Amino acid sequence: MDPEAARNARDSLDLVFHMSNILDTGLDRHTLSVLIALSEMGFNPEALAAVVKELRRATPATSSVQSTTPSAP
């Protein structure tokens, strides 16, 4: 990737990250970068959003199960 293209990609990610923060999505730069790459590859953005929502819903349940598991004596 040439330097100008890299700079444009970085600027675009910065803009998306700023919009994400304004909307209080809680997504970090890496996650946004992966989601953008997947959508550019042709994945349905609405399906990606549904996956993110489902993973967020599943994560608290997983962590609460792990925290309630008794430890060995």
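The figures here come from the full heavy-atom set of this structure, side chains too, leaving out hydrogens, waters and symmetry mates. What you see is a predicted model; the values in this text were computed from it and never measured.
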Enquirer: Once side chain to side chain donor-acceptor pair (under 3.5 Å) is applied, do any residues pair with R29, and if so which ones, sequence neighbours excluded?
Expert: D14
Enquirer: Give the other cluster members for L15, using side-chain heavy-atom distances under 4.5 Å between Ile, Leu, Val, Met, Phe, Trp and Tyr residues; answer none if it is isolated.
Expert: M19
Enquirer: Return the set of residues passing side chain to side chain donor-acceptor pair (under 3.5 Å) with E54 (not counting sequence neighbours), or none when no residue passes.
Expert: R57
Enquirer: Quick one: side chain to side chain donor-acceptor pair (under 3.5 Å) partners of D28, sequence neighbours excluded?
Expert: T31
Enquirer: Which ILVMFWY residues are connected to V52, directly or by a chain of links, through side-chain heavy atoms under 4.5 Å apart?
Expert: L13, V16, F17, L27, L32, V34, L35, I36, L38, M41, F43, L48
Enquirer: Sequence neighbours left out, what passes side chain to side chain donor-acceptor pair (under 3.5 Å) with T25? Give chain and number order.
Expert: S20
Enquirer: Does some side-chain heavy atom of R10 sit less than 4.5 Å from a side-chain heavy atom of R7?
Expert: yes
